[in-house]
Amino acid sequence: MKNNIPLPPYFSFVKQNRTIEQALSIFNQRLQDAETVFKKFSHEFENRNCPICGAGDYSSLEPFHKTYGVVKCHQCTSVYVNPCPSYDALNYYYNECKCNDVYARLLRSRGKTGSIVLSDRATFLIELIRKELGKKKHIRILEIGCSSGAFLSELKTGLEEQELLKNCSLSGIDIDSSAIEKNVDQGLNLYGMSVENFSKNTKEKFDLIIHFELVEHLRDPFNFMLSVHKLLLDDGLHHFCTPNMLGFENIAIGYNEFRPLAHGIFPPMHLHSFTTQNIIHFSIRSGFKVAQIDTPGNFDVDIVANAVDGNPDNQFSFISEFTEKQLGIVQHWLKLLSASSHMRCTLLK
Ligand SMILES: [Zn+2]
C-alpha cells in the first residue's frame, strides 16, 4: 500500500542533544547537588497545598532518591514536592551548585548552527505572531526568564526576515541580574527582576508573554500565573513550555531511576509536575482560556530505548524489538496523541 504521508524521521537524543556520558555527568552532579541542598536546608522546608489546584489533602509517594518528600494531591491527582524547598535553599541551589554550570557548559558547547536556521521554537512563535497578532500596529513581546537574551535575539532575527519586526518591541526579565548584564543584543530591553516585582513596578502591558521550562521551577507557580495575567493586555497571548509528566518518557522512566533528562519531579529544580490534564485546570484557575495544548517533543522513544536496554523488568522493554523506522513512527504518534514529555501551551486572557 502506498502512503501519502512522508515517513516520520527518527530523532536520536544521544546524537542530537547530548551523549550518554554527558547526560550521566549532568545527572550525577544534579543528584549530588540535590542531596547537598537537602542536607543543608531541609529543616526549613515548608509544607504547602497543591500548587496546581490549591487543595490541602494529599498522600505520600516514594521520596525522591531517599530525600525530598513527593506527594499526590487527593483533589486533582497532581504530583508535587512537599515539603517545598525554602527561598534560601533555591537561592543557594541556583547560585552555588555545580550542576547549573555543567549544564551551561553543555549548552555553550553546542554553539550556533548558523544564524539563518531558526529553532522550531522561534519558527512556531513567528507563525503565532503573524496569525494572531499580525494586524496590530504595535506588538509588545515579553520573555520571562530571558537570561542574556539569546532566544529573544533569535526571535528578533526571524521577525526581521519575515518583515514583522518594525511593529514589534522585545523585552525580557530575569531574576539573575548578572545574566542581564551580558545582554547579547542591544535591540532588546532587558530587566533584572522577578515577574512579581516587575508587575508591581510597571504600567506597561504586553500582547505576548512567553517563558520556557520555567514554571516547574517556581515555589509558587499560581502566584506567577496571576502576575503574568496582570501584565497581559486583554486580547493578549500567553505561551510557554514545561515537561509533561504524562509523557511517554516520564512514565517509562520514573524519577528514582537514571535518566538522561530531568523528570517532571526533580527537586530542588523541578518542584511540581504539570501534565496535559492538570495544566488545563491550572490555567483556567489562573484566569486564562486555553487556546492550544500539544506535545511537540522528539526524543521520548530514543531516551526510553536507551534507558530500558538490558532491563527486562521494565514494562516498555519491548521497545528493543522495534526498528529505527518503527521508532520514528511511534514518536510521531506520541506527538499526535499529546503523549510526548515536552509540552507546549498557548493561553488567552
Ligand atoms: Zn491538586
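Ligands are counted one by one from 1 in listed order, and the atoms in each one are counted from 1 as well. Numbers here simply count residues along the sequence, with the first being 1.
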*Looking at residues at least two apart in the chain, or sitting in another chain, which of them share a ring pair (Phe, Tyr, Trp, His ring centres under 6.0 Å) with F13?*
F299

*Would you confirm whether N183, through its side chain, and G149, through its main-chain N or O, come within 3.5 Å as a donor-acceptor pair?*
no

*asked:* Among residues at least two apart in sequence or on other chains, which ones pass salt bridge (Lys or Arg N to Asp or Glu O under 4.0 Å) with E46?
replied: R219

*Which atoms of the protein, restricted to N, O or S, are nearer than 2.8 Å to the Zn ion (ligand 1)?*
C50 SG, C53 SG, C73 SG, C76 SG

_Lys NZ or Arg CZ of K40 over Y92 ring: under 6.0 Å, within 45°_ = yes

*Please find out if less than 6.0 Å separates the ring center of H43 from that of F41.*
no

*For Y80, the rest of its hydrophobic cluster, which grows through side-chain links under 4.5 angstrom*: Y58, V71

